[in-house]
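The structure under discussion appears below in the form of C-alpha cells.
The figures here come from the full heavy-atom set of this structure, side chains too, leaving out hydrogens, waters and symmetry mates.
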Amino acid sequence: MLGLGADLLWVDMNRLLSFLFHQGVLDEQFLQLQQLQDETSPNFVSEVVNIYFHESEKLLRNLRELLTEKELSEYKRIGMHLNQLIGSSSSIGAKRVTNVCLAFRAATDQNNRAGCLRALEMLEHEYCYLKNKLHELFQIEQQRALAARVRYPVQN
C-alpha cells in the first residue's frame, strides 16, 4: 500500500495547478510540457523551467540596464530582448508573463519610456510570482515522489 501522504500531496499539486490556471498564470502549453515528462526523465519539466528562469533573469537584467541608461535610444534592443522572453515564456506556458511582455513591447513600439518602466515593474512582479509558485509546485512534486516510494505495511 502506498503512503497516504503521496495521495494528499497529489491533491495539493493538482489544487495549486488548478489555481495557477484559473488565475491565468499558466496556460495549456504547461500541460503539454508536462506530457513530455515520463519515467525516463522524471525531472524534465523542472529542468526546462529552471533553464527558462536562468535565461529570463539575464534578459530581465538586460532590460533593466537598457531602461536605466540616460540616453534611451535602445528601444530596438529592448524589443529584441522582449521577443526572446515572449518566446520562451509562451513555450513553458507562462501566460501572464507573456501578456505583460506583449504590453511592454507595445510601449517600446511607441518609444514610451514611462510605459516601459511601468511594464518592466509589472514584468518583474509577474516573473517573481511565477517563479515562486512553480518552485512551490516542484517542491510538492518532489515530496510526492518521495512519499510514493515509502510503503507501509497493510494492517489486518
Side-chain angles (χ1 to χ4, degrees), residues 1-67 78-110 112 114-152:
M1 178 170 127
L2 288 180
L4 195 56
D7 292 336
L8 293 175
L9 290 166
W10 187 259
V11 170
D12 287 346
M13 248 177 64
N14 287 328
R15 188 176 297 134
L16 178 56
L17 267 177
S18 188
F19 173 78
L20 294 174
F21 280 99
H22 180 72
Q23 295 295 313
V25 175
L26 296 174
D27 64 21
E28 64 281 345
Q29 185 62 36
F30 188 79
L31 293 176
Q32 291 178 9
L33 190 63
Q34 283 186 312
Q35 289 174 354
L36 297 173
Q37 184 166 294
D38 60 18
E39 297 81 33
T40 61
S41 57
N43 299 319
F44 177 76
V45 175
S46 64
E47 290 169 2
V48 168
V49 169
N50 282 327
I51 291 168
Y52 163 79
F53 287 141
H54 179 74
E55 295 302 315
S56 296
E57 286 179 18
K58 287 187 217 173
L59 291 169
L60 286 169
R61 200 169 31 255
N62 290 340
L63 288 168
R64 169 80 47 206
E65 288 171 9
L66 288 169
L67 281 170
I78 291 170
M80 289 177 2
H81 289 307
L82 284 170
N83 287 340
Q84 284 181 282
L85 196 52
I86 289 167
S88 59
S89 297
S90 65
S91 73
I92 68 153
K95 184 178 179 180
R96 282 197 339 207
V97 170
T98 301
N99 290 341
V100 172
C101 285
L102 292 169
F104 193 161
R105 191 169 63 190
T108 63
D109 291 344
Q110 298 170 1
N112 179 348
C116 286
L117 288 168
R118 279 192 306 274
L120 178 62
E121 190 174 306
M122 284 177 48
L123 178 57
E124 290 172 334
H125 171 79
E126 288 299 333
Y127 172 81
C128 286
Y129 185 77
L130 173 72
K131 188 173 183 177
N132 288 336
K133 289 301 178 183
L134 288 182
H135 180 71
E136 182 181 341
L137 179 71
F138 296 144
Q139 281 185 318
I140 295 169
E141 186 175 32
Q142 204 171 41
Q143 291 170 356
R144 185 199 58 77
L146 288 172
R149 287 186 217 133
V150 175
R151 297 199 176 268
Y152 297 95

**Item:** Derivation of the side chain to side chain contact (heavy atoms under 4.5 Å, CB included) call for L82 and I78
**Value:** CA-CA 6 Å; L82 284 170; I78 291 170; 3.9 Å; yes
**Message:** Using modelled atom types and a 3.5 Å cut-off, is there a donor and acceptor pairing between side-chain atoms of S56 and backbone atoms of F53?
**Reply:** no
**Message:** Given F104, which partner from the list N99, L85, D109, L123 fulfils the side chain to side chain contact (heavy atoms under 4.5 Å, CB included) test?
**Reply:** L123
**Prompt:** Around E57, counting heavy atoms of other residues, nucleotides and ligands shown, do more than 12 lie under 6.0 Å from its CD?
**Reply:** yes
**Message:** Test side chain to side chain contact (heavy atoms under 4.5 Å, CB included) on L60 and R64; report intermediate values, then the result.
**Reply:** CA-CA 6 Å; L60 286 169; R64 169 80 47 206; over 6 Å; no
**Prompt:** When you check the gap from the basic side-chain N to the acidic O, do E121 and R118 get nearer than 4.0 Å?
**Reply:** no
**Asked** What do the steps show when you test T108 against R105 for side chain to side chain contact (heavy atoms under 4.5 Å, CB included), and what is the final call?
**Response** CA-CA 5 Å; T108 63; R105 191 169 63 190; 3.9 Å; yes
**L9 side, atom CG; L16 side, atom CG - distance, nearest 0.5 Å** = 12.0 Å
**Message:** Which residues pass the salt bridge (Lys or Arg N to Asp or Glu O under 4.0 Å) test with E47, not counting sequence neighbours?
**Reply:** none
**Asked** By side-chain hydrogen bond (donor to acceptor under 3.5 Å, both in side chains), which residues pair with S89, not counting sequence neighbours?
**Response** Y52
**Request:** Please indicate whether Q34 has more than 12 foreign heavy atoms, meaning atoms of other residues, nucleotides or ligands, lying under 6.0 Å from its CD.
**Result:** yes
**Request:** Sequence neighbours left out, what passes side-chain contact (heavy atoms from CB on, under 4.5 Å) with E39? Give chain and number order.
**Result:** none
